[in-house]
Student: 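What follows is a single structure, and I will ask about it in a moment.
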Amino acid sequence: MSAENLAGKWTRKSGRTLFDSITCVVFLFLDFLDAVLCVVFKLVDEFFEGNACTPCYCGKAGDKNGENKETEMLSESLYGRKYMLRNMGFLGFARKWRIYRKKKDDRDGSVNEGLMVNRWSDCGCQSCVSWMKKEYDQKLHVVVKNLPQGRGDEAAENVIFLHGFLSSSSFWTETIFNNLSESVKDHYRLFAVDLLGFGRSPKPNDCMYTLLDHVERIDKSVISPFHLNSFHLVAHSMGCLIALALAAKYPKFVKSVTLVAPPYLPCAKDGATTSLMALNTFAGKTLWPPLAFGKSVMSWYEHVGRCFCVLFCRNHRIWEMILKLFTLRRELNFMELDLTRHTHHSAWHNMHNVICGAAKLMDKYLEILNKSRSVKVCIIHGDHDMEVPLDCSNNMKKKFPELVELNMIENVDHTSVILGRVREFAKSLQHIWASS
C-alpha cells in the first residue's frame, strides 16, 4: 500500500473516530438532560394539572401494569430505548419521585379522574381545540369529495386517503384531488382523513394512539357512517401501516392498496426486536444530516422533544405570523402549517406505537391480504428517499412477490415522489383503480 493511500485511510479512520466520539458526548448529554427534564415536567404538570398528569415512559419495561389489549399494543421502543445513563443511580430520581407520588396518592385516596384533554403545554387556539366542542362526537375530521349532483352514490367507488407523519388531509386535498380527471371525479367518492392526533382530528391525552385506535376511528368516521361496502386505499409513509391494518380487517371490502414509501421491516421472531429495529432504522442516533439528528432527538428523548413542542407547536400561530412577515406571503404552504399543528403526546405515540410498534404486525396483515387473492397492493417509492430506506419496499416485494407490485421512481425523494410529480402520480392512481 502506498504512503498516500495509507495516509488517506488513516485520515478517514481518525475522522470517523472523532465523529463517533462527538456523537457519544452529545447523546450522553441528552440522556442527562432528558432525565432532568423528566423531574421538571413532573413538577410543572403537577402544579398546573394536579393529579391528572399523563405518565411518561422513563421507566423500564417492567413498569407496565397488567397485560391487557391496550398494553399489548404498546411498542417495546417506548420502554426498551437504551440510555447510556439509565441504570445509574443518581439518574433514577425521576422514577423514585413517580413512585413516591403514587404512594402518596394511594394514602390520600386520590385517583386520576378524567385526564385533561388539553394540557398546559398544548396549543389552545380555536383551530386546535375545535374537536373539543360539546357538539363534536370525537370522530376524525374527514374531507369528502362527493359525486356531482344527480349521480347516485350507489354507483360510486370510494377511495380513502391517509397521510403520513406530521401531516394532514391537506397533503391530498391540495394536490391529488385537484389533478384527477373529470371522469374519475364523476365515478369516485374521495375521503381524505386527518389521522388521530393530527390536523383537525382529536388529540386527547387519555389515548395511547396505537394502530388499533387509528383503525377503529377510521371505521367509525368513514366506513360505518358512509356504509362503504368497497373502497380503495391510498397512503403515504406512516399512513401505509394503518392502511395495511385496515385492509387486513376488511379484505373483502378493499379493492386496492397504494402505498407510497412504506416503512416496512420483515418481522423478526421476537416482536420486541422488530420494534427496536424500526426505531433504529427510521430514527437512529446520529448527528448528520441535521434532519436525521432532529428525528433521533424527538424519537429517543421524550422530554427534550416535549420542550421543542412547547416552543414551536404551542406557539405555532406566532411562528406562522413571523414566517409570513419574512416571506411576504399572505398564505403559507399547507406543509408548513401541518408541521406544528399537533401535540407532543400525539407525535410521540404515533412514532412509537404506530411506526415502531406496528412493524411487528405488518407480515401478519400482508399474509391475510395474500391469502385473500382479491386485493391489489401497489408500492410507489422514490429512489432518492432518505426518510424510508429503499430496502423497505424491496423486502416487501421479495417476501410477497405475487401480492406486491413495486414501482421505483427515479430521481425523486420522500415528498417529491408525490409533490414533484402530482399529475403523473394522479394518473398512476387512476390506472391502479381502473385495473383493480
Side-chain angles (χ1 to χ4, degrees), residues 33-34 37-58 74 78 94 98 112-141 163-170 193-210 213-214 217 238 294-295 297-323 332 334-355:
L33 179 61
D34 200 65
L37 288 174
C38 178
V39 179
V40 172
F41 275 118
K42 289 289 180 186
L43 295 171
V44 178
D45 287 345
E46 208 167 280
F47 177 80
F48 283 108
E49 302 174 4
N51 292 326
C53 297
T54 302
C56 64
Y57 297 96
C58 293
L74 293 179
L78 286 170
R98 185 167 60 254
N112 284 350
E113 295 181 357
L115 290 176
M116 294 180 66
V117 292
N118 189 53
R119 308 194 73 175
W120 68 269
S121 55
D122 297 335
C123 180
C125 73
Q126 186 174 358
S127 174
C128 290
V129 299
S130 60
W131 60 273
M132 293 170 59
K133 295 178 181 178
K134 290 183 180 180
E135 65 271 15
Y136 201 92
D137 57 5
Q138 293 200 17
K139 289 183 180 180
L140 299 178
H141 176 257
H163 61 79
F165 193 58
L166 302 186
S167 187
S168 76
S169 56
S170 298
V193 181
D194 278 347
L195 294 174
L196 184 65
F198 299 113
R200 296 177 62 186
S201 281
K203 306 171 183 68
N205 267 335
D206 58 348
C207 177
M208 292 293 184
Y209 294 94
T210 64
D213 288 312
H214 285 284
R217 293 292 184 114
M238 182 188 79
K295 284 196 303 180
V297 171
M298 298 297 288
S299 301
W300 285 81
Y301 300 102
E302 183 176 2
H303 304 290
V304 175
R306 189 177 172 189
C307 284
F308 279 99
C309 286
V310 170
L311 179 61
F312 292 103
C313 298
R314 189 174 190 271
N315 301 292
H316 67 84
R317 290 168 297 172
I318 296 175
W319 293 109
E320 289 165 12
M321 181 181 67
I322 293 174
L323 191 57
L332 297 177
F334 68 90
M335 294 186 68
E336 295 169 335
L337 297 175
D338 289 341
L339 193 60
T340 55
R341 291 192 175 182
H342 61 274
T343 64
H344 176 257
H345 185 79
S346 62
W348 180 260
H349 285 93
N350 275 297
M351 175 62 203
H352 287 276
N353 285 343
V354 178
I355 295 178

Student: Between Cys309 and Ser121, is any pair of side-chain heavy atoms under 4.5 Å apart?
Tutor: no
Student: May I ask you to test the Arg217-Pro202 pair for a side-chain heavy-atom distance under 4.5 Å?
Tutor: yes
Student: Between Thr210 and Val354, does the side chain to side chain contact (heavy atoms under 4.5 Å, CB included) criterion hold? Intermediate values first, please.
Tutor: CA-CA 6 Å; Thr210 64; Val354 178; over 6 Å; no
Student: Rounded to the nearest 0.5 Å, what separation is found between the CZ atom of Arg200 and the CG atom of Asp194?
Tutor: 8.0 Å
Student: Show, in sequence, the C-alpha distance, side-chain angles and deciding distance for Phe47 and Leu43, and conclude whether the side chain to side chain contact (heavy atoms under 4.5 Å, CB included) test is met.
Tutor: CA-CA 6 Å; Phe47 177 80; Leu43 295 171; over 6 Å; no
Student: If you compare all heavy atoms of Leu195 against all heavy atoms of Leu140, which two are closest, and at what distance to 0.1 Å?
Tutor: C-CD2, 4.2 Å
Student: Can a donor-acceptor pair be found, under 3.5 Å and without considering hydrogens, that links the side chain of Trp131 to the backbone of His141?
Tutor: no
Student: Any side-chain heavy atom of Leu37 within less than 4.5 Å of one from Tyr301?
Tutor: no
Student: Would Ser346 and Leu196 satisfy side chain to side chain contact (heavy atoms under 4.5 Å, CB included), going step by step from the backbone distance to the final call?
Tutor: CA-CA 8 Å; Ser346 62; Leu196 184 65; over 6 Å; no
Student: Can Ser130 and Ser127 be counted as having a side-chain donor-acceptor contact under 3.5 angstrom?
Tutor: no
Student: Please report the closest heavy-atom contact between His163 and Ser169, naming both atoms and the distance.
Tutor: CD2-N, 3.7 Å
Student: Mind checking the OG-CZ spacing from Ser170 to Phe198? Nearest 0.5 Å is all I need.
Tutor: 13.5 Å
Student: To the nearest 0.5 Å, tell me how far Cys307 SG sits from Phe312 CZ.
Tutor: 11.5 Å
Student: Which distance, rounded to the nearest 0.5 Å, do you find between the NZ of Lys42 and the SG of Cys58?
Tutor: 7.0 Å
Student: Under 3.5 Å, side chain of Ser201 to main-chain N/O of Gly197, donor-acceptor pair present?
Tutor: no
Student: What is the distance from atom CD of Glu320 to atom CD1 of Ile322, rounded to the nearest 0.5 Å?
Tutor: 10.5 Å
Student: Taking the six-membered ring for Trp, is the centroid-to-centroid distance between His344 and Phe308 below 6.0 Å?
Tutor: no
Student: Do you see a donor-acceptor pair shorter than 3.5 Å between the side chains of Trp300 and Asp34?
Tutor: no
Student: side-chain hydrogen bond (donor to acceptor under 3.5 Å, both in side chains) for Asp338 and Ser168? Distances and angles first, verdict last.
Tutor: CA-CA 6 Å; Asp338 289 341; Ser168 76; 2.9 Å; yes
Student: Could you give the distance from CZ (Arg119) to NZ (Lys203), rounded to the nearest 0.5 Å?
Tutor: 15.5 Å
Student: May I ask you to decide if Ala347's main-chain N or O and Tyr209's side chain share a donor-acceptor pair within less than 3.5 Å?
Tutor: no
Student: Test Asn350 against His214 for side-chain hydrogen bond (donor to acceptor under 3.5 Å, both in side chains), laying out the working first.
Tutor: CA-CA 10 Å; Asn350 275 297; His214 285 284; 2.6 Å; yes
Student: Ring centres under 6.0 Å, that's the criterion: do Tyr57 and His349 meet it?
Tutor: yes
Student: Determine, stepwise, if the pair Thr343 / Asp122 fulfils side-chain hydrogen bond (donor to acceptor under 3.5 Å, both in side chains).
Tutor: CA-CA 6 Å; Thr343 64; Asp122 297 335; 4.7 Å; no
Student: Step by step, would you call Leu339 with Trp319 a side chain to side chain contact (heavy atoms under 4.5 Å, CB included)?
Tutor: CA-CA 11 Å; Leu339 193 60; Trp319 293 109; over 6 Å; no
Student: Got a donor-acceptor contact below 3.5 angstrom from the Arg314 side chain to the Trp120 backbone?
Tutor: yes
Student: Whether Arg341 and Glu336 form a salt bridge (side-chain N of Lys/Arg under 4.0 Å from carboxylate O of Asp/Glu) is what I want to check.
Tutor: no
Student: Between Arg306 and Phe41, is NZ or CZ placed under 6.0 angstrom from the six-membered ring centre and within 45° of the ring axis?
Tutor: yes
Student: What is the minimum heavy-atom distance between Cys56 and Cys38, and which atoms define it?
Tutor: SG-SG, 3.9 Å
